[in-house]
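Taking it in order: structure first as structure tokens, then the write-up.
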Amino acid sequence: MAPQSQEPTPHERVRDIIAGVPAGRVATYGDVAAIAGLRSPRQVGWILREDGSDLPWHRILRADGTAAPQLRTEQLQLLRTEGVLAQGQKVSLRRYRWDPDG
DNA sequence: GGTGTGACGTCGA
DNA sequence: TTCGACGCCACAC
């Protein structure tokens, strides 16, 4: 048996994880998916698209530091206000990547 | 019920 | 380094 009522759904975990990313830091879809227990990072994108309006979605980037074309402009603009500067259309994950362990 | 789509990741050339 | 193709899972129609 699996008493799901004792555990948050992956959907809620994703929201909680993203909400826990501090300003000035960024995370990747793959990281969020792994922490949330999801098997596919696409689910993170899907959740954000449907229910991410009240989350710091701009702190979530692809594995290479880029964002989706239709969001890239606003994404980088919001990050810039938090002190995250991008080189062209790519953010230096090595510099801004959020480490949940530290 | 099956099909198409998507805010992704990884591998090979 | 860049590009294309495939895999992956949940949701809308």
Side-chain angles (χ1 to χ4, degrees):
Chain A
M1 297 294 281
Q4 58 272 63
S5 59
Q6 293 184 349
E7 301 179 3
T9 62
H11 184 113
E12 293 187 310
R13 282 205 69 132
V14 168
R15 291 174 50 80
D16 186 57
I17 292 163
I18 294 173
V21 179
R25 298 277 116 179
V26 299
T28 69
Y29 292 92
D31 286 342
V32 176
I35 297 170
L38 299 178
R39 305 191 210 171
S40 176
R42 303 199 75 140
Q43 297 175 256
V44 177
W46 170 244
I47 291 169
L48 283 178
R49 185 189 173 193
E50 292 298 306
D51 198 15
S53 57
D54 60 335
L55 292 172
W57 55 267
H58 55 277
R59 295 176 191 153
I60 309 303
L61 297 167
R62 291 191 182 184
D64 63 351
T66 61
Q70 63 270 32
L71 299 174
R72 196 210 314 149
T73 303
E74 189 174 358
Q75 170 97 15
L76 298 181
Q77 187 176 356
L78 288 169
L79 288 176
R80 193 163 67 92
T81 64
E82 299 184 348
V84 179
L85 304 181
Q87 299 294 334
Q89 57 183 244
K90 191 181 296 185
V91 174
S92 301
L93 292 178
R94 203 173 61 135
R95 182 182 170 104
Y96 298 108
R97 194 176 199 180
W98 173 55
D99 184 358
D101 190 41

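The basis for the numbers below is simple: all heavy atoms, side chains too, and nothing from hydrogens, waters or symmetry mates. Naming: A, B, ... by sequence-line order, numbering from 1 per chain.
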Starting the side chain at C-beta, find the nucleotide from [options] nearest to [X].
| X | options | value |
| --- | --- | --- |
| A:R42 | C:dC9, B:dG9, B:dG6 | B:dG6 |
| A:W57 | C:dA10, B:dG9, B:dA7 | B:dA7 |
| A:W46 | B:dA7, C:dA12, B:dG9 | C:dA12 |
| A:R49 | B:dA7, C:dC8, C:dA10 | B:dA7 |
| A:S40 | C:dC9, B:dA7, B:dC8 | C:dC9 |
| A:L48 | C:dC11, B:dG9, B:dA7 | B:dA7 |

TODO: Could you tell me which non-hydrogen atom of A:T28 sits nearest to which non-hydrogen atom of A:R62, and how far apart they are?
DONE: CG2-O, 3.6 Å
TODO: Determine the minimum heavy-atom distance between A:R25 and A:V84, stating which atoms define it.
DONE: N-CG2, 4.2 Å
Whole angstroms only, please: what is the [atom1]-[atom2] distance between [X] and [N]?
| X | N | atom1 | atom2 | result |
| --- | --- | --- | --- | --- |
| A:R62 | B:dA7 | CZ | P | 9 Å |
| A:H11 | C:dC11 | NE2 | P | 9 Å |
| A:I17 | B:dA7 | CD1 | P | 21 Å |
| A:Q89 | B:dA7 | CD | P | 16 Å |
| A:Q75 | B:dC8 | CD | P | 10 Å |
| A:E50 | C:dA12 | CD | P | 6 Å |
| A:L38 | B:dG9 | CG | C1' | 14 Å |
| A:D31 | B:dG9 | CG | P | 9 Å |

Open item on the list: Can you tell me if A:Q87 has over 12 outside heavy atoms packed within less than 6.0 Å of its CD?
Closed with: no
TODO: Map A:Q43 and A:K90 onto DNA chain C by nearest heavy atom, then report which one ends up closer to the 5' terminus.
DONE: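 That would be A:K90.
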Task: Modelled atom types, side-chain donor and acceptor of A:E82 and A:H58, under 3.5 Å - done: yes
- [ ] Name the nucleic acid region contacted by A:Q70, choosing base, sugar-phosphate or nothing; use a 4.0 angstrom heavy-atom cut-off, strictly under.
- [x]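 Sugar-phosphate: the residue A:Q70, judged by heavy atoms under 4.0 Å, touches backbone atoms but no base.
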- [ ] Give the C-alpha distance, both sets of side-chain angles, the deciding distance and a yes or no for salt bridge (charged side-chain N to carboxylate O under 4.0 Å, His left out) between A:D51 and A:R15.
- [x] CA-CA 8 Å; A:D51 198 15; A:R15 291 174 50 80; 3.3 Å; yes
